[in-house]
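Questions regarding the structure given below will be posed in turn.
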Amino acid sequence: MGLLALTAMVVGVPWMVYTARTFPVETAAAATAHWQHFTMNLEEHGRPWSYYLTQLPMIHGGLAPLALIWFLVGPFRDRPREHAWLLVWWVLPYMIFSAADTKMPGYTVIAVSAVCIIIAMAIDRWTSLPHGDRWRIPGLFGAIGLVLMPLHFSLDRTRPWERATPRYAIPDMLLDPPPGTVIINCPVPVEVMFYTPVAAAYEGPMTKEAGHLSRIGYVLLDWKELQD
């Protein structure tokens, strides 16, 4: 854990120092936004405190909660000092981000490796039960379920046998727009900013800001007119 923390600091701290000195206003705004995740419902991502627990079956498979409970009442109870680091690695991110008002599945990704290690421990232990043990057959089925059940959501998301219909089409003009182009009334602003070189895209009409943007050199284009 200490080595992981040190590695993260070596990689991240120089960049944080550089951005704070080079872009102080933007850095302050970003820091404020980070803290607002704990106190505000940002972008309609407010969730109940139990959100990450209910996401466990979808992210790690339907039997993942059973493996985690087994870890608590089995390996951790039997050898708490040996497994304390694994418990902290799993539980601490869940506790911190469960306290935040704004929640997204990716916030607890730091704990994914710990959960995967626990699931691997369960698979190893459940498939190693001796013949004659009353839990051998349930253990084998449980281990198979830990491996196969995550495939359900993988197939449901990728739908490999289904031909997808595009949700939107980006106008050709936006693939090489004039410098400083800003798109308004855009139904897919995030996608447009990711896949085109436009300066910005907004879902609304930006009525109050339009005059200011024009005066400082931006070119405003209406998505609806581009579609026509």
Test item: N41 side-chain N/O and H45 main-chain N/O as donor-acceptor pair under 3.5 Å: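 Yes.
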Value rounded to 0.5 Å, distance of NZ in K103 from OH in Y52: 6.5 Å
Point-to-point distance, once rounded to the nearest 0.5 Å, from CD1 of I117 to CZ of F71: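 Rounded to the nearest 0.5 Å, the CD1-CZ separation comes out at 9.5 Å.
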Path from I118 to V112 over hydrophobic side-chain contacts below 4.5 Å: no
Test salt bridge (charged side-chain N to carboxylate O under 4.0 Å, His left out) applied to E191 - qualifying residues, sequence neighbours left out: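 So E191 forms a salt bridge (charged side-chain N to carboxylate O under 4.0 Å, His left out) with R167.
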Separation between CE of M149 and NE2 of H60, rounded to the nearest 0.5 Å: 14.0 Å
Side-chain heavy atoms of D101 within contact of F38, under 4.5 Å: no
Reported CG-to-CH2 distance for the pair L72 and W90, which is rounded to 0.5 angstrom: 4.5 Å
Whether over 12 other heavy atoms sit under 6.0 Å from I59 CD1: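 Count over threshold, so yes.
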Contacts of type salt bridge (charged side-chain N to carboxylate O under 4.0 Å, His left out), residue E82, not counting sequence neighbours: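 So E82 forms a salt bridge (charged side-chain N to carboxylate O under 4.0 Å, His left out) with R79.
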Those residues that, when tested against R134, pass side-chain hydrogen bond (donor to acceptor under 3.5 Å, both in side chains) (two or more places apart):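 Checked R134 against side-chain hydrogen bond (donor to acceptor under 3.5 Å, both in side chains); zero matches.
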Listed once per pair and sorted, the ring pair (Phe, Tyr, Trp, His ring centres under 6.0 Å) pairs that draw on residues 198-219, sequence neighbours left out: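 Of all non-adjacent pairs touching residues 198-219, none passes ring pair (Phe, Tyr, Trp, His ring centres under 6.0 Å).
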Check: W89 and V115 side chains under 4.5 Å, non-hydrogen atoms: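 Not touching, per the 4.5 Å side-chain cut-off.
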Contacts of Y51 that satisfy side-chain hydrogen bond (donor to acceptor under 3.5 Å, both in side chains) - sequence neighbours left out: none
Spacing of CD1 belonging to I110 relative to CG belonging to L92, to within rounding of 0.5 Å: 8.5 Å
Which atom of P177 lies closest to which atom of P197, heavy atoms considered: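 Closest approach of P177 to P197: CD-CG, 3.4 Å.
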Donor-acceptor contact present, side-chain H37 to main-chain A33, <3.5 Å: yes
Any pair counted as salt bridge (Lys or Arg N to Asp or Glu O under 4.0 Å), so long as it reaches residues 169-188, sequence neighbours left out: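 Sorted result for residues 169-188: empty, none.
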Remaining members of hydrophobic cluster (4.5 Å side-chain criterion), M16: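 Via sub-4.5 Å side-chain contacts, M16 links to none.
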Partner residues of H83 under the side-chain hydrogen bond (donor to acceptor under 3.5 Å, both in side chains) criterion, sequence neighbours left out: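 Not a single residue meets the side-chain hydrogen bond (donor to acceptor under 3.5 Å, both in side chains) criterion with H83.
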With sequence neighbours excluded, residues passing salt bridge (charged side-chain N to carboxylate O under 4.0 Å, His left out) with R81: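 Scan of R81 (salt bridge (charged side-chain N to carboxylate O under 4.0 Å, His left out), adjacent residues dropped) gives none.
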Backbone of L140 reached by a side-chain donor or acceptor of T127 within 3.5 Å: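 Not a single qualifying donor-acceptor pair exists.
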Non-hydrogen atoms of P93 and V88 that approach each other most closely: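 Looking at all heavy atoms of both residues, the closest pair is CD-O, 3.7 Å.
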Shortest non-hydrogen contact from A201 toward V192: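 It is CB-CG1, 4.1 Å.
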Main-chain N/O of L129 paired with R136 side-chain donor or acceptor, under 3.5 Å: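 Such a contact is found between R136 side chain and L129 backbone.
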Nearest non-hydrogen partners of W126 and G139, listed with the distance: CB-O, 3.4 Å
side-chain hydrogen bond (donor to acceptor under 3.5 Å, both in side chains) contacts in which one or both residues fall within residues 13-22, not counting sequence neighbours: none
same_hphob_cluster(L66, V147) at 4.5 Å side-chain heavy-atom cutoff: yes
For D133, all residues meeting side-chain hydrogen bond (donor to acceptor under 3.5 Å, both in side chains), sequence neighbours excluded: none
Using residues 180-187 as the side-chain source, report each donor-acceptor pair under 3.5 Å to any protein atom, sequence neighbours left out, with the distance given to one decimal.
unit_1, atom_1, unit_2, atom_2, d
T181, OG1, P178, O, 2.5
N185, ND2, D222, OD2, 2.8

From CG (L63) to CZ (F141), nearest 0.5 Å: 12.5 Å
Heavy-atom neighbours of M173 CE exceed 12 at 6.0 Å: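 It does: M173 CE has more than 12 such atoms within range.
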